[in-house]
Amino acid sequence: MRAATFFIYSVMVLGLTTLAADPPRGARPPNRLANEKSPYLLAHAYDPVDWYPWGEEAFARARADDKPIFLSVGYSTCHWCHVMQRESFRDEEVAALLNEHFVCVKVDREERPDVDHVYMTACQLMTGGGGWPLTIIMTADGRPFFAGTYFPKQARFGRVGMLELVPRVAELWATKREGLLATSAEVVGLLERMSYDSGGELDEATLAAAFEQLREKFDARHGGFGDAPKFPTPHNFYFLLRYGRRTGEGR
């Protein structure tokens, strides 16, 4: 039964990747996400939003254009992520506003849980809650000054709409930037104190403990970690590759 479940899941993942990479009929030229491997990012490759993947190119562009970064974090099986894409990220009017005022970055939380963890923590500090899609607006050096989750195209459900949110943030960036920078400095200070209180830098014992936890969860028969269904966790493999190179052990 486990083998059958894993096979079905593998077919679903492969199918999702194929569908995500195929352009919709009459689609515009793809954005930069078309060069990514994540099915979630590929699903946004034909959005009219001028998406960047997480990386130095996006931050350099934000610095050069003196624009904030609009960071959107989600994952393939997130219902509200797909709702926000359908309502806003595929909408020409919203996309035009985003492209005008921000450098837009898309992140798959399953591919970059490190990025997701930092900014989800920031969202929780700033709003008292969190969830996906995670919406962060931040400076070109990654310091957040606005956070939230799902936003509809137009105000409803007691939430501000994207058509109101984007122009308002752009106005504040142009006229009251000092206040936004003060907010970002306060948030970063809290994040730094939390990081220090949780133990600071990683030591060898922590790395070894992480390796042992993964080794115990590894499924030697079917591959992957834990029981089915097994979601892609590339960060686990990145860690194991770096750990093996660091220690020289091939266990």
Side-chain angles (χ1 to χ4, degrees), residues 9-10 12-17 19-21 31-47 49 51-59 68-90 98 102-138 142-152 159 162 187-188 191 194-195 198 210 213-214 217 224-226 228-242:
Y9 174 70
S10 300
M12 290 173 62
V13 170
L14 290 172
L16 179 59
T17 304
L19 289 172
N31 57 45
R32 296 166 187 81
L33 299 185
N35 298 318
E36 297 299 301
K37 295 181 175 63
S38 157
Y40 176 70
L41 297 185
L42 288 170
H44 287 268
Y46 291 90
D47 292 353
V49 177
W51 290 118
Y52 284 76
W54 179 269
E56 178 54 30
E57 182 183 6
F59 290 96
I69 288 176
F70 180 93
L71 173 66
S72 178
V73 183
Y75 57 103
S76 292
T77 56
C78 166
H79 170 72
W80 288 104
C81 297
H82 293 293
V83 172
M84 192 166 178
Q85 179 187 26
R86 183 176 67 252
E87 292 179 346
S88 294
F89 300 146
R90 288 183 177 170
L98 287 171
F102 302 132
V103 172
C104 301
V105 177
K106 251 295 173 191
V107 167
D108 180 350
R109 69 175 290 263
E110 293 177 339
E111 184 178 52
R112 293 301 306 265
D114 53 336
V115 174
D116 176 65
H117 174 71
V118 170
Y119 290 105
M120 182 59 72
T121 303
C123 181
Q124 292 167 341
L125 287 172
M126 297 171 75
T127 70
W132 296 276
L134 173 63
T135 301
I136 297 287
I137 305 178
M138 60 190 185
R143 297 170 177 262
F145 58 81
F146 177 86
T149 54
Y150 160 77
F151 293 97
R159 296 173 181 265
M162 292 289 288
V187 173
V188 169
L191 290 171
M194 291 175 64
S195 176
S198 65
Q213 289 181 8
L214 289 172
K217 293 180 179 179
F225 299 92
K230 299 173 182 176
F231 293 93
T233 52
H235 55 286
N236 288 338
F237 296 102
Y238 293 152
F239 168 77
L240 291 172
L241 288 169
R242 295 181 68 179

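With Thr135 contributing its side chain and Thr149 its backbone, the two residues share a donor-acceptor pair below 3.5 Å. Between the side chain of His82 and the main chain of Ser76, a donor-acceptor pair closer than 3.5 Å is present. Panel note: side chain Glu111, backbone Tyr40; no donor-acceptor pair is recorded below 3.5 Å.
Remark: Arg90 pairs with Asp47 by the salt bridge (Lys or Arg N to Asp or Glu O under 4.0 Å) rule, at least two apart or across chains. Residues forming a side-chain hydrogen bond (donor to acceptor under 3.5 Å, both in side chains) with Thr121 (at least two apart in sequence, or on another chain): none. For Tyr52, the side-chain hydrogen bond (donor to acceptor under 3.5 Å, both in side chains) test picks out Arg32, Arg61, with sequence neighbours left out.
To the nearest 0.5 Å, atom CG of residue Asn31 and atom NZ of residue Lys106 are 11.0 Å apart. A distance of 12.0 Å separates CZ of Arg242 from CG of Leu240, quoted to the nearest 0.5 Å. If you take CH2 on Trp80 and CD on Gln85, they are separated by 14.5 Å, rounding to the nearest 0.5 Å. The structure places CE of Met162 at 8.0 Å from CZ of Phe151, a figure rounded to the nearest 0.5 Å. In this structure, the separation between CZ on Phe146 and CG on Leu71 is 12.5 Å, given to the nearest 0.5 Å. Distance CH2/Trp54 to CD1/Ile69: 7.0 Å, rounded to 0.5 Å.
Considering every non-hydrogen atom in both Met120 and Gly131, the closest pair reads CE-O, 3.2 Å. Taking every heavy atom of both residues into account, Pro53 and Leu33 meet most closely at N-CD2, 3.7 Å. Contact detail for Met84 and Pro133: the closest heavy-atom pair is SD-CG, 3.7 Å. Closest non-hydrogen pair, Ala147 versus Ile136, comes out as CB-CD1, 3.6 Å. Here the closest heavy-atom approach between residue Ala34 and residue Leu42 is recorded as O-CD2, 3.7 Å. Taking each heavy atom of Leu134 and Gly148 in turn, the nearest pair found is CD1-O, 3.6 Å.
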From CA spacing to verdict: side chain to side chain contact (heavy atoms under 4.5 Å, CB included), Glu87, Tyr150
CA-CA 11 Å; Glu87 292 179 346; Tyr150 160 77; 2.6 Å; yes
I'd like to know whether Ser72 forms a side chain to side chain contact (heavy atoms under 4.5 Å, CB included) with Phe89, so could you lay out the CA-CA distance, the side-chain angles of the two residues, the decisive distance to 0.1 Å, and finally the verdict.
CA-CA 10 Å; Ser72 178; Phe89 300 146; 3.7 Å; yes
Could you walk me through whether Tyr119 and Val73 pass the side chain to side chain contact (heavy atoms under 4.5 Å, CB included) test, one step at a time?
CA-CA 9 Å; Tyr119 290 105; Val73 183; 5.6 Å; no
Side chain to side chain contact (heavy atoms under 4.5 Å, CB included) evaluation trace for Met194 with Leu125:
CA-CA 11 Å; Met194 291 175 64; Leu125 287 172; 3.9 Å; yes
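Just one of Asp114, Asp116, Asp108 meets the side-chain hydrogen bond (donor to acceptor under 3.5 Å, both in side chains) condition when paired with Arg112; it is Asp114.
Here the two rings, on Trp51 and Tyr46, have centers that are 6.0 Å apart or farther.
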